[in-house]
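See below for the structure under consideration.
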Amino acid sequence: MADKNDAPQNTEITPQSKNFSQWYLDVVLRAELADYTEVKGCMAIRPYGYAIWELITQALDRRIKATGHVNAYFPLFIPSSLLMKEKEHVAGFAPQVAWVTKGGDEELAEPLVVRPTSEAIIGTLYAKWIKSWRDLPVLINQWANVVRWEKVTRPFLRTTEFLWQEGHTAHETAEEAQEETLKILALYKDCLETEMAIPVIDGEKSESEKFAGAARTYSVEALMGDGRALQAGTSHNLGQNFAKAFGIQFQGRDKALQHVWTTSWGMTTRLIGAAIMVHGDDNGLILPPRIAPYQVVIVPIPRGNWQETVLPKAREIKQALEARGIRVTLDDRDSYSPGWKFAEWELRGAPVRIEIGPKDIEKSAVMVARRDTRQKDSLAMDGLADAIAGRLDEIQKALFDRALKFRDEHTTRVSSYDEFKAAMEGRPGFVIAGWCGSADCEARIKADTQATLRNIPFGGAKVTGVCVKCGQPSSGEAWFAKAY
RNA sequence: CGGGGCGUAGCGCAGCCUGGUAGCGCAUCUGCUUUGGGAGCAGAGGGUCGUCGGUUCGAAUCCGACCGCCCCGACCA
């Protein structure tokens with residue numbers, strides 16, 4: 001492989017080091033992932049961005065179904081009285097709901113809210129559907145849009161309307177519900193790491209960060225390229241809170257009438273933002289092959305009568321790669337120069353680019369460039385599909401390894417509050433510290449450093465230490481970071 | 001919601017101070033020549049200057065209000 005990288009830098013995109021937020025927006029808009037609309041916080045997801053979402057949803061949906069869940073659909077509107085039934089739930093979501101108060105010209109007798117999440121409406125139906133322990137478990141997932149009225153919005157990361165899946169399950173016992181909650185969290189972790197090449201920390205949320213109405217909330221947390229953390233997925237054990245609020249009862253094996261135990265869990269279009277910020281560089285997007293709409297882009301080099309010589313060969317390669325199950329596009333537009341296409345497809349994050357011109361055809365080879373390293377080398381036409389497939393796997397792995405290395409290099413374990421503050425002021429990232437479990441210490445840390453408690457990882461050290469803030473004994477370690 | 005910045009062609013900007021024919025680059029369209037890292041020449045199209053109001057003979061320009069977007073902070077997936 002060529003070891004010099006003299007490809008020029010893209011000049012249309014703000015460098016990450018200059019302004020990471022602007023870099024992110026430049027990439028989203030210029031790579032045509034999304035666009036702003038007339039309504040604040042409501043973005044249009046453009047075909048290229050939506051293709052990424054479709055690949056993510058397919059990977060996730062496959063896993064959700066493989067664990068015995070089925071898909072269904074519930075309404076967009078929820079009577080306001082239903083949302084009110086769970087006290088903590090409504091308190092948590094009230095500031096964020098959009099209201100519908102009129103139908104045509106007529107004032108509605110009871111205002112409707114646009115779902116910010118569907119626990120209320122689904123809980124109401126589960127109360128109708130569940131009578132006996134034989135009806136359990138109920139394992140339903142929904143793919144839907146939801147609306148949360150946000151003050152500050154950013155494409156993909158925080159939008160007023162967003163797309164997600166929300167799983168809602170009901171179980172006979174507390175143990176089963178807990179098992180389900182953790183099973184889904186593991187499923188999320190696998191999906192993020194395997195499909196999106198994003199390493200995540202899985203763990204439990206603190207009391208103050210948990211979902212409104214949940215008994216326990218778990219999350220998977222990822223570290224973005226600017227050193228800030230992003231919650232990539234959450235799984236909630238709702239205990240019997242919603243079952244009691246919505247009257248979801250069943251008659252048990254012991255003949256006694258009792259409340260079910262429920263869970264809910266979700267991942268959103270925010271994942272696209274995560275992929276951008278974990279993998280991208282100053283030349284634009286870098287897509288992990290498994291979620292890349294086009295894993296390979298073929299750029300023919302127009303020379304002489306290239307339409308008769310180069311183009312047929314390029315089409316042949318495209319077919320061979322497709323037959324091998326690779327998503328590939330042939331950029332045969334005559335109105336753009338090869339150099340322009342190179343820059344364009346790097347900006348759009350295509351993992352592999354194949355260049356083919358007269359010189360390659362003479363040698364019965366092609367030039368192959370990979371997006372992550374921007375290195376080019378010549379590969380023989382013979383056995384190309386297998387070689388490309390292998391290279392895509394390499395890239396998928398290299399992206400994960402690079403992200404993991406970055407996270408490790410930006411994670412600091414501290415033993416004193418001064419160290420904590422110093423770590424937060426310096427290079428941002430995760431800070432691991434002992435924590436006593438009090439919301440007060442958590443709040444003070446946030447006030448002092450802007451860092452929030454991301455979660456208490458399962459894999460964390462269980463050693464008995466002391467709280468980094470108050471010095472009281474701590475039973476384990478928590479991960480903190482400035483977060484999106 | 002607080003602090004700061006910006007709204008002029010699809011995008012990036014100049015013009016505003018000192019009121020008087022709305023400009024530049026990129027992109028787009030046509031034609032020809034090109035094409036191995038964002039091609040060249042020639043021609044063309046495209047803007048109620050964010051919105052509303054005020055001052056004025058006359059407002060992109062001066063004044064006021066509002067709206068939107070971005071950045072930095074408090075709440076959230």
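Lettering follows sequence order; numbering is per chain, from 1.
Residues Val28(A) and Ile272(A) form no side-chain contact, since every pair of their non-hydrogen atoms from C-beta on lies 4.5 Å or further apart.
Of the candidates G38(B), C76(B), G37(B), C76(B) carries the atom nearest the Glu150(A) side chain, counting heavy atoms from C-beta on. Among G36(B), A74(B), C71(B), the nucleotide with an atom closest to any side-chain atom of Val152(A) is A74(B). Taking only side-chain atoms of Ala343(A), from C-beta outward, the nucleotide of G37(B), G36(B), U34(B) with the closest atom is G37(B). If you check U34(B), G37(B), C72(B) against the side chain of Ser21(A), the one that comes closest is C72(B). Closest to the Leu25(A) side chain, of the nucleotides C70(B), A39(B), G37(B), is C70(B). Closest to the Glu355(A) side chain, of the nucleotides C70(B), G36(B), U34(B), is G36(B).
Taking for each of Gly41(A) and Gly357(A) the nucleotide of RNA chain B with the nearest heavy atom, the 5'-most of the two is the partner of Gly357(A). Where Glu344(A) and Lys446(A) each meet RNA chain B at their nearest nucleotide, the meeting point lying more 5' is that of Glu344(A).
An OP1 or OP2 oxygen of C76(B) is reached within less than 4.0 angstrom by no side-chain nitrogen or oxygen of Gln231(A). Regarding contacts with the backbone of C71(B), a side-chain N or O of Arg154(A) is found under 4.0 angstrom from either OP1 or OP2. Distances shorter than 4.0 Å separate some side-chain N or O of Ser337(A) from OP1 or OP2 on A39(B).
Contacts of residues 298-312 of chain A with RNA chain B (heavy atom under 4.0 Å): Ile301(A), Pro302(A).
Taking only distance into account, the side chain of Arg158(A) meets the base of C76(B) through a donor-acceptor pair shorter than 3.5 Å.
Taking a pair to require two hydrogen-bonding distances under 3.5 Å in either a Watson-Crick or a G-U wobble arrangement, C16(B) remains unpaired. With a cut-off of 3.5 Å on both Watson-Crick or G-U wobble distances, the partner of A65(B) is given as U51(B).
Among the atoms of the strands shown, only primed sugar atoms or phosphate atoms (P, OP1, OP2) are found under 4.0 Å from some heavy atom of Tyr36(A). Within the 4.0 angstrom heavy-atom criterion, no nucleotide atom of any strand lies near Lys482(A).
Comparing the C1' positions of G46(B) and C29(B) gives a spacing of 10 Å, expressed to the nearest Å. A gap of 14 Å separates the C1' atoms of A9(B) and A60(B), to the nearest Å. Rounded to a whole angstrom, the distance from the C1' atom of U8(B) to that of A59(B) is 14 Å.
Distance OG1/Thr234(A) to CE/Met267(A): 9.5 Å, rounded to 0.5 Å. Expressed to the nearest 0.5 Å, how far CG of Asn241(A) lies from CD of Glu88(A) amounts to 6.5 Å.
For the salt bridge (Lys or Arg N to Asp or Glu O under 4.0 Å) with Glu346(A), the lone residue among Arg353(A), Arg370(A), Arg30(A) that qualifies is Arg353(A).
Sorted by first then second residue, the ring-ring contact (aromatic ring centres under 6.0 Å, His included) pairs that include residues 178-215 of chain A, not counting sequence neighbours, are His89(A)-Phe211(A), Phe93(A)-Phe211(A), Phe211(A)-His236(A).
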Legend entry - Derivation of the salt bridge (charged side-chain N to carboxylate O under 4.0 Å, His left out) call for Glu316(A) and Lys313(A): CA-CA 5 Å; Glu316(A) 207 177 290; Lys313(A) 205 71 194 169; 3.2 Å; yes
Inset, instruction - Dump the intermediate steps for salt bridge (charged side-chain N to carboxylate O under 4.0 Å, His left out) on Arg63(A) and Glu195(A), then the final yes or no. - result: CA-CA 11 Å; Arg63(A) 286 169 169 78; Glu195(A) 306 289 340; 3.1 Å; yes
